[in-house]
Enquirer: 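First the structure, then my questions, so here it is.
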Amino acid sequence: MDVRRAIESRRSIQHFDPAFRLDPRVVDELLALTLLSPTSFNIQHCRYVIVDDPELRRQLRAVSYDQSQVTDASLLVVVCADLQAWRKQPERYWRHVSAPLRASFVAAMRDYYESNEQAQRDECLRSTGIAAQTLMLAAEGFGLGSCPMNGFDPDAVARLIGLPADHVLSLFVAIGKPLRPAHPRGGRLPPSEVIVRDRFPQEAG
Ligand SMILES: Cc1cc2nc3c(=O)[nH]c(=O)nc-3n(C[C@H](O)[C@H](O)[C@H](O)COP(=O)(O)O)c2cc1C
């Protein structure tokens, strides 16, 4: 499937076939494609919790407004990120470049993150959002349906998956075989409302 068709056909699926099993090789490919997602400074701070345990799925569903995707998707990925990845042996993010270039990236990363907690969190949420879309488009390319989800109690989910204190929880991506098509599209805003040329219009006066 080409990229254009994947983008056009991706929809948020509410109902997955609970009996459908994904070939583990497809799961591996989906994850390998997702790991190619861009991250600022190549920090690769996203963490992907693959929830296979049916009992854990049930517990997660109970804290996710009983949304059926949580138990019925063939693949449930809890997308998280490590807020402190910038200080955890950052040299490894640039191990294939020359030593001076690696040193300059590591120094720039430290300068950017060190005293800026908001940047630490913002970058995690940017990266996980991009990664989630990569995963969903990859799933579409395999003829699968997907759903991004943040309809859950974040503290309860964090407890259930044992989220480390220096990580942040972003969203679930549920993937599987759709049982029913998505709702009709809610309607997109006109391009004139959401696309800004050069700068936002300024209020007169
Ligand atoms: C961050 C995020 C969280 C979402 N959470 C849920 C969710 O918990 N349950 C759900 O059914 N859909 C969820 N959605 C899907 C949106 O409702 C959906 O993207 C929107 O209605 C547009 O529909 P489409 O994705 O089919 O184009 C979420 C989407 C995003 C981006």
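Numbering of ligands and ligand atoms starts at 1, following listing order. Starting from 1, each residue takes its place in the sequence as its number.
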Enquirer: Salt bridge or not between R25 and D23? Use side-chain N to carboxylate O under 4.0 Å.
Expert: yes
Enquirer: Are any of the protein's heavy atoms under 4.0 angstrom from atom 13 (C) of ligand 1, yes or no?
Expert: yes
Enquirer: Hey, does Q69 have a side-chain heavy atom less than 4.5 Å from the side chain of Q14?
Expert: yes
Enquirer: Around atom 11 (O) of ligand 1, find the nearest protein heavy atom and jot down its residue, atom name and distance.
Expert: Q14 NE2, 2.6 Å
Enquirer: Examine the proximity of ligand 1 to Q133 and report which part, side chain or backbone, both or neither, has a heavy atom under 4.0 Å away.
Expert: neither
Enquirer: Is any side-chain heavy atom of S40 closer than 4.5 Å to one of R126?
Expert: no
Enquirer: Where's the contact between C147 and ligand 1, heavy-atom distance under 4.0 Å: side chain, backbone, both or neither?
Expert: side chain
Enquirer: State the atoms of ligand 1, each with its element, that fall below the 4.0 Å cut-off from a heavy-atom position in Q69.
Expert: 10 (C), 11 (O)
Enquirer: Would you call P148 a ligand 1 contact, heavy-atom distance under 4.0 Å?
Expert: yes
Enquirer: Tell me which protein heavy atom sits closest to atom 8 (O) of ligand 1, plus the residue, atom name and distance to 0.1 Å.
Expert: G151 N, 3.0 Å
Enquirer: Who's the nearest protein heavy-atom neighbour of atom 19 (O) of ligand 1, and how far?
Expert: S12 OG, 3.2 Å
Enquirer: Is the contact between R10 and ligand 1 made by the side chain, the backbone, both, or neither, using heavy atoms and a 4.0 Å cut-off?
Expert: side chain
Enquirer: Protein heavy atom under 4.0 angstrom of atom 27 (O) of ligand 1, is there one?
Expert: yes
Enquirer: Checking a contact table here: which protein heavy atom is nearest atom 9 (N) of ligand 1, and how many Å away?
Expert: Q67 OE1, 2.7 Å
Enquirer: Given R188, H183, R11, which one has a non-hydrogen atom that is nearest to atom 22 (C) of ligand 1?
Expert: R188
Enquirer: Determine whether more than 12 heavy atoms belonging to other residues, nucleotides or ligands lie under 6.0 Å from atom CD of E117.
Expert: no
Enquirer: Do L30 and L171 sit in one hydrophobic cluster, given that two such residues count as connected whenever their side-chain heavy atoms are within less than 4.5 Å of each other, even indirectly?
Expert: yes
Enquirer: Output the list of atoms in ligand 1 that are nearer than 4.0 Å to some heavy atom of R185, sorted by atom number.
Expert: 27 (O)
Enquirer: Nearest heavy atom to atom 5 (N) of ligand 1: which of L125, N150, V70 does it belong to?
Expert: N150
Enquirer: Tell me, with the steps shown, if R5 and E8 meet salt bridge (charged side-chain N to carboxylate O under 4.0 Å, His left out).
Expert: CA-CA 5 Å; R5 265 201 62 208; E8 286 174 345; over 6 Å; no
Enquirer: Between Y113 and E123, does the side chain to side chain donor-acceptor pair (under 3.5 Å) criterion hold? Intermediate values first, please.
Expert: CA-CA 10 Å; Y113 282 113; E123 289 302 343; 4.7 Å; no
Enquirer: Is there side-chain contact between F172 and S64, with heavy atoms separated by less than 4.5 Å?
Expert: yes
Enquirer: Going by the side chain to side chain contact (heavy atoms under 4.5 Å, CB included) test, name the single residue among V168, I43, D166 that passes it with D82.
Expert: D166
Enquirer: With a 6.0 Å cut-off on ring centres, are Y93 and F105 close enough?
Expert: no
Enquirer: For atom 24 (P) of ligand 1, is some protein heavy-atom partner under 4.0 Å away?
Expert: yes
